[in-house]
There are 2 protein chains.
Amino acid sequence: MPAVQGAPIVPEQDEVVVRERARAIPEAAVARLAVYLRVLSGMVDQGVTTISSEELSAAAGVNSAKLRKDLSYVGSYGTRGVGYDVEVLVSHIERILGLTRKHSVAVVGIGNLGHALANYGGFQSRGFPVAALFDVDEDLTGVPVGGIPVNHIDDITAVCVEREVSIGVIATPPQAAQAVCDRLVSAGVQCILNFAPVVLQVPDDVEVRKVDLAVEMQILSFHVARRADEASAEQAANDLINGVGVDRVVIRP
Amino acid sequence: MPAVQGAPIVPEQDEVVVRERARAIPEAAVARLAVYLRVLSGMVDQGVTTISSEELSAAAGVNSAKLRKDLSYVGSYGTRGVGYDVEVLVSHIERILGLTRKHSVAVVGIGNLGHALANYGGFQSRGFPVAALFDVDEDLTGVPVGGIPVNHIDDITAVCVEREVSIGVIATPPQAAQAVCDRLVSAGVQCILNFAPVVLQVPDDVEVRKVDLAVEMQILSFHVARRADEASAEQAANDLINGVGVDRVVIRP
DNA sequence: CTCTGTGAATGCATTCACAGCA
DNA sequence: TGCTGTGAATGCATTCACAGAG
């Protein structure tokens with residue numbers, strides 16, 4: 001039996017188990033790698049050629065142990081006693097994140113947000129060209145937004161296949177989102193970024209990420225409230241014990 | 001010594017330790033509570049009065065154990081054998097998330113994205129009225145966007161104080177973001193939602209959440225790449241063992 | 001002697017599984 | 001009996017701390 005990689009896993013009958021090529025990288029680490037990449041790109045522009053884990057972690061807003069652990073998932077490309085070569089690191093992170101391929105983006109729903117996304121330079125510049133725009137509104141069909149003419153949503157499959165769209169962005173009203181998602185999926189799009197405040201149902205082989213602005217606001221709101229509660233609890237407790245031989249009250253989290 | 005709440009923590013000298021009033025709620029749970037709230041609001045509109053953990057969890061895209069655990073942080077407001085009263089649950093989650101207070105929002109940077117945010121109805125409707133807009137461009141000063149006249153950024157402190165802004169949204173180019181953030185902080189804003197692709201430095205008492213669209217794209221890209229790797233590895237392995245008495249190869253994650 | 005890379009330890013979050021209430 | 005609420009168990013992620021390369 002050909003042992004493709006020395007895998008000490010017990011194979012079931014008539015199966016060979018191959019350990020996944022790329023070491024599994026924790027989801028949380030992937031998100032941070034993208035941030036490191038951005039910071040490193042800035043370093044390249046500033047002419048920095050070498051950087052230590054301490055410096056890079058500070059610039060990325062994490063601690064250095066976490067940074068080194070994250071980079072260790074990518075591989076060992078640092079020099080002990082010195083640090084990392086910025087360009088080497090950039091190219092390895094890009095490889096891990098799959099940025100050597102081009103990823104064309106389609107934006108569906110050309111309202112306020114869709115307009116903003118179509119015009120947003122950050123996609124283009126970071127390797128995610130917006131290749132197609134869609135809307136139900138027939139008055140918009142053919143109208144150029146950010147240099148790209150809007151297509152009618154009924155043409156979504158043909159256009160996505162032709163322009164090799166690999167990422168779909170949903171910027172429609174919530175009622176339309178699931179239907180749009182279904183159409184994107186049947187057009188072969190396997191990655192979706194969803195701005196509509198709904199939970200999308202998709203097959204297992206489709207990856208969805210969501211950005212819900214109201215949820216972000218509510219999380220911030222929670223923290224305001226918590227801080228206010230703590231402050232008032234501390235205040236109340238201090239009032240309560242006033243002159244009872246205790247100097248101060250501390251709130252432990 | 002007045003034991004405000006039976007806290008079994010060893011107090012340091014001249015200190016009384018008060019256990020935090022609201023049980024600490026995991027960060028991850030807070031994000032999901034906001035989602036449950038949205039789903040529940042939809043239920044109210046549909047006239048649903050009671051819902052089981054199974055139904056609600058399905059609608060929110062999580063499993064029911066997680067849902068029940070999350071709700072247990074809010075309190076025990078379900079009826080065993082029956083489920084939850086939708087309205088009761090809504091009001092308790094709103095209380096926990098601090099949505100009983102009004103949270104006025106200021107958007108800084110009235111470019112593409114700022115425009116979209118100023119016009120976005122989702123904030124208003126979910127209790128986060130946009131109360132102020134700012135930009136450096138003097139040509140924009142006084143121009144109404146989404147019904148609100150833009151103020152010049154130099155007036156940020158006065159306007160934020162006057163309109164009781166509690167959440168600042170940064171939608172400026174990356175170069176300007178840190179300076180804007182500093183101004184918001186000195187205007188007393190303690191919550192910031194940052195759309196600029198930079199890591200903001202803030203004091204400990206300020207809460208920042210970030211939305212980086214390119215990072216989201218790159219995370220999606222990573223998953224495409226991983227899937228492609230797996231598929232090709234599986235393919236290669238299958239080719240390799242062709243006709244060696246093994247039926248199929250399985251990739252274990 | 002400096003700074004990376006990484007096992008081991010700790011701390012969170014998720015899931016399990018069942019006691020207990022309606 | 002049906003479904004919630006929750007300790008206990010499991011599984012991830014983060015942090016520690018130090019061996020070892022340069």
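Chain naming here is simple, since letters A, B, ... match the order of the sequence lines and numbering starts at 1 in each.
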Pairs: protein N or O with nucleotides 13-16 of chain C N or O, under 3.5 Å:
{"unit_1": "C/dT14", "atom_1": "OP1", "unit_2": "B/Arg32", "atom_2": "NH1", "d": "2.9"}
{"unit_1": "C/dT14", "atom_1": "OP2", "unit_2": "B/Arg32", "atom_2": "NH1", "d": "3.4"}
{"unit_1": "C/dT14", "atom_1": "OP2", "unit_2": "B/Arg32", "atom_2": "NH2", "d": "2.8"}
{"unit_1": "C/dT15", "atom_1": "OP2", "unit_2": "B/Asn63", "atom_2": "ND2", "d": "2.8"}

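- In this structure, A/Ala59 and A/Val39 approach most closely via the heavy-atom pair CB-CG1, 3.6 Å.
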Please walk me through it: do B/Arg209 and B/Glu27 pass salt bridge (charged side-chain N to carboxylate O under 4.0 Å, His left out)?
CA-CA 12 Å; B/Arg209 295 194 58 89; B/Glu27 188 68 26; 3.5 Å; yes
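- The local environment of CD in B/Gln124 is crowded, with over 12 non-hydrogen atoms from other residues, nucleotides or ligands closer than 6.0 Å.
- Contacts between residues 47-56 of chain A and DNA chain C, defined by a heavy-atom separation below 4.0 Å, involve A/Ser52, A/Ser53, listed by number.
- One atom, CZ of A/Arg68, and another, P of C/dC3, lie 11 Å apart when rounded to the nearest Å.
- Once rounded to the nearest 0.5 Å, the distance linking CD1 of A/Ile170 with CG of A/Leu200 reads 5.0 Å.
- Of the residues in residues 79-90 of chain B, those lying under 4.0 Å from DNA chain D by heavy-atom distance are B/Thr79, B/Arg80, B/Gly81, B/Val82, B/Gly83, B/Tyr84.
- A heavy atom lying under 4.0 Å from DNA chain C marks none of the residues of residues 202-211 of chain B.
- For the pair A/Asp182 (side chain) and A/Ser186 (backbone), a donor-acceptor distance under 3.5 Å is absent.
- Here the side chain of A/Ser221 pairs a donor or acceptor atom with the backbone of B/Gly98 at under 3.5 angstrom.
- A donor-acceptor contact shorter than 3.5 Å links the side chain of A/Gln178 to the backbone of A/Gln201.
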Please lay out, stage by stage, how B/Tyr36 and B/Asp70 fare under the test side-chain hydrogen bond (donor to acceptor under 3.5 Å, both in side chains).
CA-CA 10 Å; B/Tyr36 305 152; B/Asp70 288 344; 2.6 Å; yes
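- Qualifying side-chain contact (heavy atoms from CB on, under 4.5 Å) partners for B/Arg38, counting only residues two or more places apart in sequence or in other chains: A/Pro197, A/Val199, A/Asp212, A/Val215, B/Val35, B/Arg126.
- With rounding to the nearest 0.5 Å, the separation of CG in A/Leu184 from CD1 in A/Ile167 is 11.5 Å.
- Atom OH of A/Tyr77 and atom P of C/dT6 are 11 Å apart (whole Å).
- For the atom pair CZ (B/Phe128) and OH (B/Tyr120), the distance works out to 11.5 Å, reported to the nearest 0.5 Å.
- In this structure, A/Arg80 has no side-chain contact (heavy atoms from CB on, under 4.5 Å) partners at least two apart in sequence or on a different chain.
- We find the CD-CE distance between B/Glu55 and B/Met43 to be 7.5 Å, quoted to the nearest 0.5 Å.
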